[in-house]
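For reference, the structure is listed below as structure tokens.
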Amino acid sequence: MMDYYTNDIETYPNIFTIAIERFSDGAQWLFEMSSRKDDTVEALNFLDMLEKMPDIAMVGFNNVGFDYPIIHQWWASRGAIGYQGAYVICEGIINSQENFHEHMVWESDHRIRQIDLYKIHHFDNQARRTSLKKVEFAMRVPSLMDLPFPPGTELGYREMDELIDYNINGDVVNTREFLKETLEAIEFRQTFGDKYINYNDTKVGKQYFIEELEKAGVTLKDSSNNWIQTRRPQINLDDAVFSYVGFSHPEFQRIHQWFMEQVITETKGVFNDVSCTIDGFKYDFGLGGIHGSVESQTVYADEEYIIEDWDVASYYPNLAIKNNVSPEHLGATFCRIYEDVYNKRKQHAKGTPQNAVMKLALNGVYGDSNSRFSPFYDPLYTMTITINGQLLLCMLADALRNVPDLTMIQINTDGLTIRYPRCHYQTVHDTASRWEAFTLLELEHVEYERMHIRDVNNYIAVGVDGKVKRKGAYEYDRGWHQNHSALVVPKAAERVLLEGISVTQAVLEHSDIYDYCLVAKAPILKLDDMQVQGTTRYYVSTQGGTLRAVKPPPKGMRKGDFKKAQGVSQAMYAQNNTTGAHNPNIHTKNRSKYADVISEVEKSWKTTVCNDMMGCTNPINYEYYFDRVRKLVEPVS
């Protein structure tokens, strides 16, 4: 059984520390190489020992990209580069984003197995980029500690002690806690081998699919070791639309014809304004799928009317499988393996690693078909799946229009939601069955008791079985990369909508102080005149101060340059820069180049910083939270 050593380093001009904690028993080690102390021999012996242990791994947060390359090079020199050399490497990594390969240590060169929680959770993706501090906020750590000193600071002995305390009791301990949240994902990857260990979920699935293609004899790389792909200078979309697509309503026919006439050279942002309105319901088409919804209302089922949600099972994979669609360079083998993976998934129970990897393999391929860095790249395949996915759902919607008094509530990428008289239940289900027989696809449906809908992306749906589906602003079971601020708001709003209690009661009865907390991040944060952590937890209170975010001007922009450029007095500049007040003599756009940009985090509300939850005693200002809950409740009441 593998044992884990969570670790974190700190590098400053006159100190380099390595903090390590063993997961199995909590044993801790701190090695300091600095102007006052030298633990080089002890640190080298410890690393040498870990290298000889087969069933261990060093676990960190962005350790593959940052911590380990510094440790690796320092270790390779047998500590000869000292803390000064470690700092030089640190600066090189931070300042060479365009040449990150210069400092990368390839996995094959790792002397100790590395597990990177940052990579496993796909925080290295721009859309999911998340700091450890944000994760700590989401984990509700009692003490949210940020780096105590700006990078590059020469530290005195007392500051070194503070840094060491932060290093071992802050980031290492919290990395251990995040490891606990990630153990299941790590164990899942271990069932497929070490090379999967730092793959995000989607990459796990894609790699599995790639290996299955290779086992089937498909050549994926050329003689230069580049992916074989299908690149197209232009795409005639009539080559993408299935020949059996057809409609009875003129507006659907218009959309169908529009797609057939398009010739595109780019696959991103090409369908932003394509829509049609039928029976008062607007259908919006896009590369990511079709969307449409009634807005700002609550829809109920009752003795006379039923609400049903219909989804297509594994829609995009099955569109390819049933219609023999594949990236051109992969041919029929692609569909055969796709179908084999789909069937294998059904043989394994949900929740098992085998089921999980099959699901990831199925879902990862479509998105990668539009990536120039993927072996699945063929933009015609992308267009074929996404366009027909939308048109086939519209064919179902078109057929359902024949049901008397049926109304469309929502339509999205892989399904639609309708409300209709219960007396037409059999007609609706017969219509769905005919669509399934025609398309060879499978529909799954659930009944809703009610839906509280702000718009297509923000709603609550309550099933007849009592299960609650939450989307957007109403969702509070959020991913680690999402904002966990003020979760009392969606939780209280749900109680108001589902239980019929007042906003005041729902908020006042909520006793979890962490759900009232929010997080702010800025280069500089100040509570009144006192600077606080760059990542700060706070709540809105009746007493406290004004929390402001300060964005300094870019490097090289000086106050003197600003004064000369604007022709204003130093006194006017100082007043504007200190207070952040508007000065009609200073153009805001030009001013931002030379002066701090200051903004209130919660405009007109007092706040209490609660990075240490034990010291937070100011009363909560419930009016702030009442107001935010009302903004979720009133549009759908």
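Just so we're clear, the structure is a prediction, and the values are computed from it rather than from any experiment.
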To the nearest 0.5 Å, tell me how far [X] [atom1] sits from [Y] [atom2].
X	Y	atom1	atom2	answer
Asp414	Leu392	CG	CG	13.0 Å
Lys521	Thr535	NZ	OG1	4.5 Å
Thr431	Leu400	OG1	CG	5.5 Å

Tell me, please, which residues at least two apart from Thr439 pass side-chain hydrogen bond (donor to acceptor under 3.5 Å, both in side chains).
->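 Not a single residue meets the side-chain hydrogen bond (donor to acceptor under 3.5 Å, both in side chains) criterion with Thr439.
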Got a sec, which residues hit side-chain hydrogen bond (donor to acceptor under 3.5 Å, both in side chains) with Ser485, two or more places apart in sequence or on another chain?
-> Asn483
Could you pull out the closest heavy-atom pair between [X] and [Y], with the gap in Å?
X	Y	value
Ile307	Arg450	CD1-CA, 4.2 Å
Ser314	Tyr342	OG-CE1, 3.5 Å
Asn363	Pro317	OD1-CG, 4.3 Å
Pro379	Ile235	CB-CD1, 3.6 Å
Ile453	Ser293	CG2-OG, 3.4 Å
Thr267	Leu287	O-CD2, 2.6 Å

How are the rings of [X] and [Y] set to each other: parallel, tilted or perpendicular (split at 30° and 60°)?
X	Y	value
Phe252	His249	perpendicular
Phe123	Phe178	parallel
Tyr283	Phe281	perpendicular

Is [Y] close to [X] at the side-chain level, that is, under 4.5 Å between some pair of heavy atoms?
X	Y	answer
Thr130	His122	no
Phe376	Ile210	yes
Tyr474	Val636	yes
Leu632	Arg454	yes
Leu330	Asp378	no
Lys344	Asp340	yes
Leu518	Glu602	yes
Met260	His256	yes

Write out all pairs satisfying side chain to side chain donor-acceptor pair (under 3.5 Å) with one or both partners inside residues 392-408, taking only residues at least two apart or from two chains.
-> Ser248-Asp398, Asp279-Arg401, Tyr305-Asp405
State plainly whether the residues [X] and [Y] are in salt-bridge range, i.e. N to O under 4.0 Å.
X	Y	result
Glu136	Lys133	yes
Asp515	Arg140	yes
Arg419	Asp302	yes
Asp627	Lys631	yes
Asp430	Arg434	no

For Asp201, the option from His121, Arg189, Lys359, Lys206 that meets side-chain hydrogen bond (donor to acceptor under 3.5 Å, both in side chains) =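 For Asp201, the side-chain hydrogen bond (donor to acceptor under 3.5 Å, both in side chains) check succeeds only for Arg189.
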Could I get the full list of ring-ring contact (aromatic ring centres under 6.0 Å, His included) partners for Phe242, not counting sequence neighbours?
-> Tyr244
Aromatic centroids of Trp310 and His429 separated by under 6.0 Å = yes
Looking just at side-chain N and O atoms, do Gln257 and Arg254 make a donor-acceptor pair shorter than 3.5 Å?
-> no
Please identify each residue that fulfils salt bridge (Lys or Arg N to Asp or Glu O under 4.0 Å) with Arg128, with sequence neighbours left out.
->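 Result, salt bridge (Lys or Arg N to Asp or Glu O under 4.0 Å) vs Arg128: none returned.
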Backbone of Leu498 reached by a side-chain donor or acceptor of Glu494 within 3.5 Å =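 Not confirmed, Glu494 side chain does not pair with Leu498 backbone.
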Mark yes or no for whether Thr298, through its side chain, and His452, through its backbone, hold a donor-acceptor pair below 3.5 Å.
-> no
Give every residue pair that meets the ring-ring contact (aromatic ring centres under 6.0 Å, His included) criterion with at least one member in residues 315-341, sequence neighbours excluded.
->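 Output for this query lists Phe209-Phe334, Phe209-Tyr338, Tyr316-Tyr366, Phe334-Tyr338, Phe334-Tyr381.
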